[in-house]
Amino acid sequence: MLVTLKVKLLTDSEQHSKLLETMHVFNEACNFISQLSFEKRIFNKVKLQQECYYEVREKFKLSAQFVIRAISKVTESYKANKKALHTFKPTGAIVYDQRLLSFKGLEHASILTMAGRILVPMIFGEYQKGVVDGRRIRGQADLILVDGVFYLLVVVELPDGSPTDTKDFLGVDFGIKNIAVDSDGEAFSGAKVNGIRKRHAKLRAKLQKKGTKSAKRLLKKHSKKERRFATDVNHYIAKKLVAKAKGTGRGIALEDLKGIRERVTVNRLQRRQHNSWAFYQLRQFIQYKATLAGVPVVLVDPRNTSRACPVCGHVDKKNRLTRDNFCCQSCGYAGPADSIAARNIAGRAVVMQPDVGVA
Ligand SMILES: [Zn+2]
């Protein structure tokens with residue numbers, strides 16, 4: 001499994017301007033190449049290289065490898081659509097490869113710029129340290145600029161453990177009141193996270209009204225805190241679920257991400273609480289922790305998971321008269337709606353098992 005880590009670069013001001021200049025020139029070169037590619041209708045990488053390599057080198061004073069990366073970026077971009085001219089922002093990502101970037105342990109990255117190589121300290125988050133723990137990371141990364149800070153998006157390959165061959169699954173349903181509920185009926189409450197979000201939302205409204213510089217600073221600090229808390233909760237839930245699945249020899253079944261957004265209908269107030277990034281993150285955590293533990297993850301069709309009866313299979317909108325309660329209109333089976341959904345998810349994974357491997 002490939003995991004992408006966002007690693008912060010601790011540049012000093014000189015390094016910052018070197019990287020920024022490189023980024024600008026690189027994207028300028030991309031725009032030049034794009035123009036040529038579009039006008040001459042050359043979208044093949046090799047042909048485009050033959051056409052413009054020397055000209056780009058000469059014109060932008062870029063190293064050979066940078067020119068090749070720029071051509072690559074342009075041809076990749078045109079793969080999706082050749083009907084319009086593609087342009088690139090001055091601060092668009094640079095794709096670095098091993099010849100342009102290398103890592104010195106987990107402390108430094110050696111990065112090529114227009115002004116030569118620079119050695120930049122970097123910081124890995126706690127979660128990231130866990131992922132790369134003892135693993136060599138390859139010198140292949142996207143350099144991006146977010147809010148004035150440079151990051152490297154590093155792709156790390158995680159060994160797939162040795163997936164247990166299982167026909168039994170722990171289904172997990174995501175929600176708002178409960179962040180997650182499994183098919184055994186265990187619920188992970190969202191009360192604490194939602195409480196903090198609500199408090200912060202109130203404070204946010206107040207501070208936004210003020211609009212002063214210090215209010216803005218405070219606002220930023222608080223949203224950071226809120227995120228960090230939600231991240232901790234997600235780690236905790238993912239760890240628990242994976243440990244349970246592993247301990248009972250089961251795989252984990254989840255709904256498709258697309259399905260979650262469609263199915264969870266929320267009113268406006270809840271929508272703010274229903275931060276999709278938090279759910280996306282929880283799924284990522286479950287997937288990577290499961291993969292490390294050798295627990296297979298199966299994604300199932302999310303349609304009607306909350307309306308189908310896990311006992312008799314009857315599907316009916318009326319089976320779920322309120323958000324929290326399920327009662328089958330056909331056989332009378334009743335229970336909390338979210339754990340019923342989780343049971344349906346687990347059931348679907350068992351049925352579709354022969355077709356899917358480890359996610
Ligand atoms: Zn039923």
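Atoms within each ligand, like the ligands themselves, are counted from 1 in listed order.
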ring-ring contact (aromatic ring centres under 6.0 Å, His included) partners of H222, counting only residues at least two apart: H200

Spacing of K82 atom NZ and S37 atom OG [to the nearest 0.5 Å]: 9.0 Å

K244, NZ atom: more than 12 neighbouring heavy atoms under 6.0 Å: yes

In the protein, N/O/S atoms that are found under 2.8 Å from the Zn ion (ligand 1), waters not counted: C309 SG, C312 SG, C328 SG, C331 SG

Those residues that, when tested against F326, pass ring-ring contact (aromatic ring centres under 6.0 Å, His included) (two or more places apart): none

Sidechain N-carboxylate O distance under 4.0 Å for E14, K18: yes

Pair listing, ring-ring contact (aromatic ring centres under 6.0 Å, His included) test, anchored in residues 179-198, at least two apart: none

